[in-house]
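Notes to accompany the following structure.
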Amino acid sequence: MKTPRLPIALQQAVMRSLRHFLQLASDRLERPFAEPALVYQQRGTAAGTAWLEKWEIRLNPVLLMENQQAFIEEVVPHELAHLLVWKVFGRVPPHGKEWKWMMQEVLGVPARRTHQFEIASVRAATFPYRCGCQQHHLTVRRHNRVLRGESEYRCVRCKNLLKPGDYSPA
């Protein structure tokens with residue numbers, strides 16, 4: 001799938017949101033924070049990710065185009081909160097009490113761990129595999145590893161080796 005070209009106005013709106021929440025954090029925590037890089041290269045079903053050491057936020061351009069206002073109001077502060085927590089508290093659980101505090105008390109945004117966006121447009125093809133108890137869906141990457149003999153996968157429930165094909169109960 002080709003990455004959509006993001007309108008400049010949308011990129012500017014995302015940047016305004018980032019700067020707004022960054023200023024809010026700087027004011028409330030009484031310390032300055034550098035502006036993180038914004039990269040529109042997140043793939044898959046994740047709306048965004050925070051790269052702590054790079055001080056970078058990656059956003060999913062497909063989901064951004066489909067959910068513009070929600071990204072500006074929720075995803076940008078969510079990912080920024082991860083960066084701020086890392087600067088203030090160091091390495092802590094990703095959605096732990098420090099992150100929740102940063103979201104709610106500092107940024108004033110509800111602390112939701114996952115987005116509720118429709119993901120049909122970004123969901124990758126999966127391949128059916130079976131074990132002794134159920135059907136599994138492997139990603140293209142895992143399926144190709146099986147085909148090349150590089151990996152094998154087992155069901156966490158019945159411990160049987162996953163085999164290509166549709167599930168048919170015994």
Side-chain angles (χ1 to χ4, degrees), residues 1-6 10-11 14 18 36-87 89-104 109-170:
M1 168 184 277
K2 190 174 192 287
T3 302
R5 185 175 297 260
L6 293 173
L10 180 55
Q11 291 181 47
V14 170
L18 175 67
L38 268 179
V39 179
Y40 299 95
Q41 294 179 342
Q42 181 66 47
R43 294 170 51 176
T45 59
T49 53
W51 289 68
L52 306 178
E53 290 84 6
K54 289 185 173 186
W55 197 248
E56 177 179 286
I57 294 173
R58 292 188 184 177
L59 299 176
N60 187 316
V62 176
L63 292 177
L64 171 57
M65 285 292 291
E66 295 173 356
N67 306 278
Q68 296 177 16
Q69 198 58 39
F71 256 76
I72 289 165
E73 295 172 357
E74 300 169 27
V75 177
V76 171
H78 177 114
E79 300 308 334
L80 178 61
H82 286 300
L83 296 178
L84 295 170
V85 164
W86 183 65
K87 279 286 191 212
F89 298 103
R91 208 167 275 286
V92 295
H95 297 107
K97 63 183 180 196
E98 298 88 354
W99 178 82
K100 288 176 187 159
W101 174 80
M102 189 68 71
M103 285 290 288
Q104 295 170 339
V109 178
R112 285 192 277 277
R113 293 179 58 181
T114 58
H115 66 75
Q116 301 298 312
F117 304 143
E118 175 57 49
I119 57 170
S121 63
V122 291
R123 174 170 278 152
T126 60
F127 294 83
Y129 276 70
R130 60 181 162 66
C131 64
C133 69
Q134 64 183 329
Q135 181 167 338
H136 300 267
H137 298 278
L138 267 59
T139 63
V140 172
R141 179 175 289 168
R142 287 186 174 198
H143 173 67
N144 286 335
R145 285 179 180 156
V146 169
L147 293 180
R148 290 190 301 261
E150 296 171 358
S151 295
E152 60 181 31
Y153 299 95
R154 294 188 177 276
C155 175
V156 295
R157 190 181 299 160
C158 71
K159 309 292 187 237
N160 286 339
L161 193 62
L162 301 186
K163 302 215 183 273
D166 292 323
Y167 172 70
S168 52

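Scanning both residues, Ile57 and Val76, for their nearest heavy atoms gives CD1-O, 4.5 Å. Here the closest heavy-atom approach between residue Pro128 and residue His137 is recorded as CA-ND1, 4.4 Å. Residues Gly48 and Val75 share a closest heavy-atom pair of N-CG1, 4.4 Å. The two residues Glu73 and Val109 make their nearest non-hydrogen contact at O-CG1, 3.8 Å. Considering every non-hydrogen atom in both Phe127 and Val140, the closest pair reads CE1-CG2, 3.6 Å.
Taking the side chain as every heavy atom from C-beta outward, His115 and Leu63 approach each other to under 4.5 Å. Between Tyr153 and Val146 there is a side-chain heavy-atom pair separated by less than 4.5 Å. With contacts defined as side-chain heavy-atom distances shorter than 4.5 Å, the pair Ser151/Arg142 does not qualify. A heavy-atom distance below 4.5 Å is found between the side chains of Met65 and Leu10. Looking only at side-chain heavy atoms (C-beta outward), Leu162 and Glu152 stay at 4.5 Å or farther from each other. Put simply, the side chain of His95 reaches to within 4.5 Å of the side chain of His82, judged on heavy atoms.
Shown here is Arg141, whose CZ atom has no more than 12 heavy atoms of other residues, nucleotides or ligands within 6.0 Å. Annotation for Arg43: atom CZ does not count as buried by contact number, only 12 or fewer foreign heavy atoms lying within 6.0 Å. Heavy-atom contacts from other residues, nucleotides or ligands closer than 6.0 Å to CH2 of Trp86 number more than 12. Counting heavy atoms of neighbouring residues, nucleotides and ligands inside a 6.0 Å radius, atom CD of Gln116 does not exceed 12 of them.
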For side chain to side chain contact (heavy atoms under 4.5 Å, CB included), just list the numbers for His78 and Met103, CA-CA rounded to whole Å, side-chain angles, deciding distance to a tenth of an Å, and then say yes or no. CA-CA 7 Å; His78 177 114; Met103 285 290 288; 4.3 Å; yes
List the steps, then state whether side chain to side chain contact (heavy atoms under 4.5 Å, CB included) holds for Leu52 with Leu83. CA-CA 6 Å; Leu52 306 178; Leu83 296 178; 3.9 Å; yes
Let's go through Val14 and Tyr40 carefully: what are the C-alpha distance in whole Å and the side-chain angles of both, what is the deciding distance for side chain to side chain contact (heavy atoms under 4.5 Å, CB included) to 0.1 Å, and is it a yes or a no? CA-CA 11 Å; Val14 170; Tyr40 299 95; 3.6 Å; yes
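No side-chain donor-acceptor contact under 3.5 Å links Asn60 to the backbone of Thr45. No donor-acceptor distance shorter than 3.5 angstrom exists from the side chain of Arg130 to the backbone of Lys163, with no hydrogens or angles considered. A distance-only check finds no donor-acceptor pair linking the side chain of Gln104 to the backbone of Trp101 [under 3.5 Å].
For the atom pair CG (Asn144) and CG (Leu138), the distance works out to 10.5 Å, reported to the nearest 0.5 Å. Rounded to the nearest 0.5 Å, atoms CH2 (Trp99) and CG (Leu84) are 12.5 Å apart. For the atom pair CD (Glu79) and CG (Leu18), the distance works out to 11.0 Å, reported to the nearest 0.5 Å. Taking CG of Leu38 as the reference point, atom CD of Gln11 lies at 9.0 Å (rounded to 0.5 Å).
Taking a cutoff of 4.0 Å between a charged side-chain nitrogen and a carboxylate oxygen, Glu98 and Lys87 do not qualify as a salt bridge.
Taking the centre of each ring, Tyr129 and His143 come in below the 6.0 Å mark.
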